[in-house]
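This report concerns only the one structure given below.
Every number for a ligand or one of its atoms is a count from 1 in the order of the listing.
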Amino acid sequence: MSNKLKIGISIGDVNGIGLEVIIKTLSNPAILNYCTPIVYGHTKVSSFHRKANNLGDFTFNVINHANLAQPKKANMINCWEEDVKIELGQVTEIGGKYALLSLERATADLVNGDIDALVTAPINKHNIQSETFKFPGHTEYLQEKSGSKDVLMFLISESLRVGVVTGHIPVSEVPGAITKDKIVNKIKLINDSLKNDFWIEKPKIAVLGLNPHASDNGLLGTEEADIITPAIQEAYSKGIICFGPYPADGFFGNGSYKQFDAVLAMYHDQGLIPFKTLAFHNGVNYTAGLNIVRTSPDHGTGYDIAGKGIADSTSFTEALFSAIHIVKNRREQEELIKNQLRTGGKLVETQFDIKDDAT
Ligand SMILES: NC(=O)C1=CN([C@@H]2O[C@H](COP(=O)(O)OP(=O)(O)OC[C@H]3O[C@@H](n4cnc5c(N)ncnc54)[C@H](O)[C@@H]3O)[C@@H](O)[C@H]2O)C=CC1
Ligand SMILES: NCC(=O)COP(=O)(O)O
């Protein structure tokens with residue numbers, strides 16, 4: 001039996017670039033040395049994308065259940081029977097319907113433990129809405145399906161990690177949605193993720209302000225003094241190394257972000273614009289705080305380039321490898337904690353903790 005991780009892949013909007021970046025990634029045979037991929041979709045839909053994008057003679061091994069996935073092969077579970085009308089680059093009801101069928105089947109297998117992690121190709125958040133999907137994105141959907149209390153949209157790359165306090169909500173609702181407790185929880189989620197998922201022993205976290213120039217001592221707003229600073233102080237008092245609030249405008253341009261392991265932004269575009277500017281090519285969208293592992297590329301459906309064969313698959317490939325790394329890190333961490341030596345009920349500290357305590 002293979003001990004390779006089984007990584008589920010949902011295909012996203014069938015009219016977008018999802019299947020193109022999936023096939024490009026899985027066409028590299030070296031991938032199969034690291035995991036057993038299982039794509040949730042249909043071979044006819046994938047053949048359409050393979051031909052439209054001139055992707056050679058790549059084929060999938062068709063299976064009925066994740067338990068039957070063959071190591072050393074790219075596996076496909078056919079999630080429906082009928083033919084699907086694909087209209088590349090168009091926003092259609094059909095695009096949303098089959099994106100959802102793929103996501104639902106993959107999520108069920110993820111939650112049941114039949115796959116070790118899920119990598120999602122991009123959906124259109126509008127056409128996927130239906131009786132069974134009333135969520136602004138995968139993040140909120142997976143939070144509910146996995147029964148997780150809180151969740152963090154966490155964009156990760158080699159040089160930068162950015163989380164957001166508020167995610168998919170209108171900008172007009174952002175100030176009202178920012179509370180001290182919410183910020184403290186998000187700081188904690190970042191801290192836990194950096195430790196457990198990325199093995200950073202003593203993470204340093206930067207927190208951005210909400211207002212221009214982080215309000216300039218209250219001249220330009222009150223949220224920094226009333227909400228954000230008390231939240232940083234509370235998280236710090238709980239042992240989390242966090243600083244701020246920093247004015248957001250210059251924080252990335254002047255390179256300040258390089259002094260931290262992660263940055264917490266107050267809202268979606270405040271964090272994602274600098275992230276995508278600096279790391280669009282290889283950035284990964286990771287949903288931290290779940291008891292399951294889900295990653296995705298940092299881009300969307302790419303309708304304007306669908307079917308042209310020019311989509312860059314680097315971000316998808318990175319998403320696949322990040323999922324593998326995170327699952328392995330979490331499992332190794334659990335194993336270490338299980339086996340950790342104890343002295344009188346106290347966890348034996350590492351040499352770094354002991355050295356730090358002495359200073
Ligand atoms: N995780 C998800 O499911 C996400 C879904 N979306 C959805 O995608 C749809 C389109 O969103 P947009 O804002 O247009 O963002 P987008 O990322 O799809 O496209 C923005 C620009 O980047 C280019 N681009 C995107 N991916 C690329 C790649 N792999 N290689 C080369 N160029 C690439 C596109 O051609 C386009 O010019 C929306 O419905 C949005 O909600 C957006 C982000 C994440
Ligand atoms: N731009 C990031 C984003 O929209 C994340 O969406 P989702 O992963 O929650 O679907």
Side-chain angles (χ1 to χ4, degrees), residues 9-25 49 53 55 88-93 95-96 98-100 102-104 106-107 110 117-129 133-146 148 150-157 161-171 265 267-290 292-320 322-323:
I9 297 173
S10 58
I11 60 170
D13 193 308
V14 296
N15 296 327
I17 58 173
L19 267 161
E20 179 182 347
V21 296
I22 292 169
I23 296 170
K24 281 179 172 170
T25 296
H49 283 269
N53 291 296
L55 299 177
L88 290 171
Q90 302 301 310
V91 182
T92 66
E93 216 175 287
Y98 290 95
L100 182 55
S102 164
L103 179 63
E104 284 178 332
T107 303
L110 181 66
L118 173 63
V119 184
T120 59
I123 56 169
N124 176 307
K125 294 166 188 359
H126 180 69
N127 70 2
I128 198 170
Q129 298 301 318
F133 192 99
K134 294 187 191 302
F135 301 90
H138 292 97
T139 307
E140 299 80 1
Y141 174 76
L142 290 165
Q143 177 179 2
E144 180 170 300
K145 292 291 164 195
S146 63
S148 304
D150 197 4
V151 76
L152 175 81
M153 193 190 291
F154 201 19
L155 280 293
I156 57 175
S157 75
R161 297 185 195 88
V162 178
V164 290
V165 176
T166 57
H168 291 128
I169 59 168
V171 171
Y267 58 96
H268 184 279
D269 281 10
Q270 185 189 51
L272 269 65
I273 289 173
F275 182 86
K276 291 194 181 187
T277 303
L278 294 164
F280 189 65
H281 166 70
N282 61 358
V284 171
N285 171 21
Y286 169 46
T287 312
L290 301 175
I292 43 139
V293 173
R294 175 264 173 161
T295 62
S296 76
D298 64 358
H299 57 76
T301 51
Y303 289 127
D304 54 333
I305 56 168
K308 296 187 177 158
I310 56 173
D312 182 350
S313 56
T314 313
S315 174
F316 189 89
T317 306
E318 289 294 328
L320 183 65
S322 299

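- In terms of protein heavy atoms, atom 33 (C) of ligand 1 is closest to Ile305 CD1, 3.7 Å.
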Table of N or O contacts for ligand 2, cutoff 3.5 Å:
| residue | atom | partner | partner atom | Å |
| --- | --- | --- | --- | --- |
| ligand 2 | 1 (N) | His268 | NE2 | 3.4 |
| ligand 2 | 4 (O) | Lys125 | NZ | 3.3 |
| ligand 2 | 4 (O) | His168 | NE2 | 2.9 |
| ligand 2 | 6 (O) | Lys125 | NZ | 3.0 |
| ligand 2 | 8 (O) | Asn285 | ND2 | 2.9 |
| ligand 2 | 8 (O) | Arg294 | NH1 | 2.9 |
| ligand 2 | 8 (O) | Arg294 | NH2 | 2.8 |
| ligand 2 | 9 (O) | His138 | N | 3.2 |
| ligand 2 | 9 (O) | Thr139 | N | 2.9 |
| ligand 2 | 9 (O) | Thr139 | OG1 | 2.5 |
| ligand 2 | 10 (O) | Lys125 | NZ | 3.2 |
| ligand 2 | 10 (O) | His138 | N | 2.8 |
| ligand 2 | 10 (O) | His138 | ND1 | 2.8 |

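- The shortest distance between side-chain heavy atoms of Leu290 and Val151 falls below 4.5 Å.
- Distance from atom 10 (C) of ligand 1 to its nearest protein heavy atom, with residue and atom name: Thr301 OG1, 3.3 Å.
- Atom numbering of ligand 1 starts at 1 in the shown order; those under 4.0 Å from a heavy atom of Ile17 are 26 (N), 27 (C), 28 (C), 29 (N).
- Note on ligand 1: Ser315 sits outside its first shell, no heavy atom being nearer than 4.0 Å.
- Formation of a donor-acceptor pair under 3.5 Å by the Gln129 side chain with backbone atoms of Lys125 is found in this model.
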How far apart are the C-alpha atoms of Leu88 and His49, what are their side-chain angles, what is the distance that settles it, and do they pass the side-chain contact (heavy atoms from CB on, under 4.5 Å) test? CA-CA 9 Å; Leu88 290 171; His49 283 269; 3.6 Å; yes

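- Distance from atom 30 (N) of ligand 1 to its nearest protein heavy atom, with residue and atom name: Asp312 N, 2.8 Å.
- For the pair Ile310 and Ile305, the tightest heavy-atom approach, listed with the atom from each and the gap, is CD1-CG2, 3.6 Å.
- Using a 4.5 Å heavy-atom cutoff, the side chains of Leu142 and Thr107 are in contact.
- Among protein heavy atoms, the minimum distance from atom 20 (C) of ligand 1 is reached at Phe280 CZ, 4.9 Å.
- Using a 4.5 Å cut-off on side-chain heavy atoms (C-beta onward), Glu20 and Lys308 make no contact.
- For atom 3 (O) of ligand 1, the nearest protein heavy atom (residue, atom name, distance) is Ile123 N, 3.0 Å.
- With a 4.0 Å cut-off on non-hydrogen atoms, Asp298 does not touch ligand 1 at all.
- When heavy-atom distances to ligand 1 are checked against a 4.0 Å cut-off, His138 comes that close only through its side chain, counted from C-beta outward.
- Contact check for Pro297 versus Pro122: side-chain heavy atoms found under the 4.5 Å cut-off.
- Atom 18 (O) of ligand 1 has Gly302 N, 2.8 Å as its closest protein atom, hydrogens excluded (heavy atom only).
- Applying side chain to side chain contact (heavy atoms under 4.5 Å, CB included) to Ser322 and the options Val119, Asn285, Thr295 leaves one that passes, Thr295.
- Between the side chain of Thr301 and the backbone N or O of Asn124 there is no donor-acceptor pair closer than 3.5 Å.
- Looking at heavy atoms from C-beta onward, Ile11 lies out of side-chain contact with Tyr98 at the 4.5 angstrom threshold.
- Residue-ligand proximity, Asn124 to ligand 1, at heavy-atom distances under 4.0 Å covers atoms 39 (O).
- Atom numbering of ligand 1 starts at 1 in the shown order; those under 4.0 Å from a heavy atom of Ala311 are 30 (N).
- Residue contact check: Pro122 has heavy atoms under 4.0 Å from atoms 2 (C), 3 (O) of ligand 1.
- Residues Ile169 and His268 have side chains not in contact (no heavy-atom distance under 4.5 Å, counting atoms from C-beta outward).
- Heavy-atom proximity to Asp304, at under 4.0 Å, picks out these atoms of ligand 1: 34 (C), 35 (O), 36 (C), 37 (O).
- Here the protein heavy atom with the shortest distance to atom 41 (O) of ligand 1 is Lys125 CD, 3.5 Å.
- Protein heavy atoms are absent from the space less than 4.0 angstrom from atom 14 (O) of ligand 1.
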Kindly determine whether Ile128 and Asp13 satisfy side-chain contact (heavy atoms from CB on, under 4.5 Å), including the steps that lead there. CA-CA 8 Å; Ile128 198 170; Asp13 193 308; over 6 Å; no

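- Side-chain contact between His281 and Asp312 is present, with at least one heavy-atom pair separated by less than 4.5 Å.
- Closest protein heavy atom to atom 43 (C) of ligand 1: Gly300 CA, 3.6 Å.
- Set against the non-hydrogen atoms of His299, the atoms of ligand 1 under 4.0 Å away are 17 (O), 25 (C), 26 (N), 29 (N), 43 (C), 44 (C).
- Classified by interplanar angle (parallel below 30°, tilted 30° to 60°, perpendicular above 60°), the ring pair Phe135/Tyr141 is perpendicular.
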